[in-house]
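The structure presented is a predicted model; accordingly, all values stated were derived computationally and were not measured.
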Amino acid sequence: MSMSRVSVTRAALAGGIALSSVVLLSGTAFAHVSVQPQGEAAKGGYATVNIKVPNERDNASTVKLEVNFPLDHPLASVMPQPLPGWKAEVTKSKLSKPLELHGKKINEAVSKVTWTADGSKIGPGQFQQFPLSLGQLPEDTDELVLKAIQTYDNKEVVRWIEEQKEGAEEPENPAPVLKLSAASADHHGGGAAPSASASAGTDEKAGHDHETADHEETASSSSTDTTARVLGVVGILIGVAGIAFGVLAGRRRSA
C-alpha cells in the first residue's frame, strides 16, 4: 500500500471517530429530564403529567429525583402515583399570599416532591417516568418551570435548573417546563350542560318520537291481526271445500 493511500485511510478513520464522538455527545446532551402531560394541561384545570428521567451515565445509576414547584404560581394539589421500587415524599411550604380554591383559602402549597430508590434504580441506558396529578393549574401563566435535581449512586448530582432565555441557545442543564394550553369551558373536562330551551326541545322531540313509535307499533299490530284473520278464513274455506269434495267423490263411487 502506498503512503498516499495510508494517509487517506488514516484521515478517514480519524474523521469517522470524530463524527461518532459528536453524535454520542449530542445524543447525551439531548437526554434531559423533562415533563410531559398525558393529554391536555389547560389553564385553570387539572392534569396528569410524567416526569421523564433518562440515565445519562454509563457507570452509575440514578437513585434519587427531586422536583421543585414554583410558589409564585402555586398548586394546591400535587399527588404522586405509587411507583414500585420508589418512595415518594411531598413537601409543602407556607404561601405569602393565600391561594383561593373552590371558595376556600389555602395557606400552603406543594413546593417539592422527592423520589428515593427503594429497591429500584434507573440503570445505564434506561429511563423512568414519575407520574403526578396536578391541580388546579394557574391561569395567569403559559408555563410552569419545574426545576429538578438528579442524584446518582456514585454521589454525583446533576441540577436541571437552568431556565431557557428567549433568543438564547439551550442551556447545558435546562429545567423541565410544562406548557399550559388555553383554558377550556369545563376545567374538569366534562361537557357543558344543555340550556333549558334545548332541554325542552329535546324532551318534546323525544315525546313526539315516542308517540310515533307507539302509532307505528299499533298499526303494525292491527295489520298483523288483519292478516291472521284473513288467513284463518281462507283456511276454513279450504277445509269446507275439501270436505265437500270428499262427500261428492264418495257419492260418485256409490253410484
Within the side chain of N68, is there an N or O that forms a donor-acceptor pair under 3.5 Å with the backbone of K147? yes
Side-chain heavy atoms under 4.5 angstrom apart, residues restricted to Ile, Leu, Val, Met, Phe, Trp, Tyr: same cluster for Y152 and I161? no
Between atom CD1 of I149 and atom OG1 of T114, what is the distance when rounded to the nearest 0.5 Å? 8.5 Å
To the nearest 0.5 Å, atom CG of L71 lies from atom NZ of K112 at 11.5 Å
In Å and rounded to the nearest 0.5 Å, what is the CG to CD distance from L137 to E143? 13.0 Å
Minimal non-hydrogen separation, N55 against P124, with atom names: ND2-CA, 3.5 Å
Could you tell me which non-hydrogen atom of W115 sits nearest to which non-hydrogen atom of P131, and how far apart they are? CZ2-O, 4.4 Å
Is there a path of hydrophobic side-chain contacts, each under 4.5 Å between heavy atoms, that joins M79 and L65? no
Hey, are the side chains of Q128 and L83 touching, using non-hydrogen atoms and a 4.5 Å cut-off? yes
Taking atom CD of E172 and atom CZ of R159, what is their separation to the nearest 0.5 Å? 14.0 Å
Can you tell me how the ring of W86 sits relative to the ring of F130, calling it parallel under 30°, perpendicular over 60° and tilted otherwise? perpendicular
Any idea which heavy atoms bring L75 and P138 closest together, and the distance? CD2-CD, 3.8 Å
Heavy-atom pair with the smallest gap, counting every atom of A47 and E40: CB-O, 3.7 Å
In terms of hydrophobic clustering (I, L, V, M, F, W, Y; side-chain heavy atoms under 4.5 Å; direct or indirect links), are L180 and V145 co-clustered? no
For the atom pair NZ (K121) and OG1 (T116), what is the distance rounded to the nearest 0.5 Å? 15.0 Å
Given 3.5 Å as the limit, does a donor-acceptor pair link the side chain of N173 with the main chain of E162, or not? no
Side-chain donor-acceptor contact under 3.5 Å, Q150 with T62: yes
Of the non-hydrogen atoms in V113 and F69, which two are nearest, and what is the gap between them? CG2-CE1, 3.8 Å
Spell out, yes or no, whether I51 and F127 are grouped together once hydrophobic residues are joined by side-chain heavy atoms under 4.5 Å, including indirect joins. no
Heavy-atom count check: over 12 atoms from other residues, nucleotides or ligands less than 6.0 Å from Q164 CD? yes
Taking the side chain from N50 and the backbone from K52, do they hold a donor-acceptor pair closer than 3.5 Å? no
Got a salt bridge between K43 and D142, using NZ or NE/NH1/NH2 to carboxylate O under 4.0 Å? yes
Just verifying a value: how many Å separate L146 CG and L134 CG, rounded to the nearest 0.5 Å? 7.5 Å
Heavy-atom pair of closest approach, residues A148 and V33: CB-CG1, 4.1 Å
Is any side-chain heavy atom of V158 less than 4.5 Å from a side-chain heavy atom of R57? yes
Within a strict 4.5 Å, meaning less than it, do heavy atoms of the V49 and P37 side chains meet? yes
Cluster check L132, L144: I/L/V/M/F/W/Y, side chain < 4.5 angstrom: yes
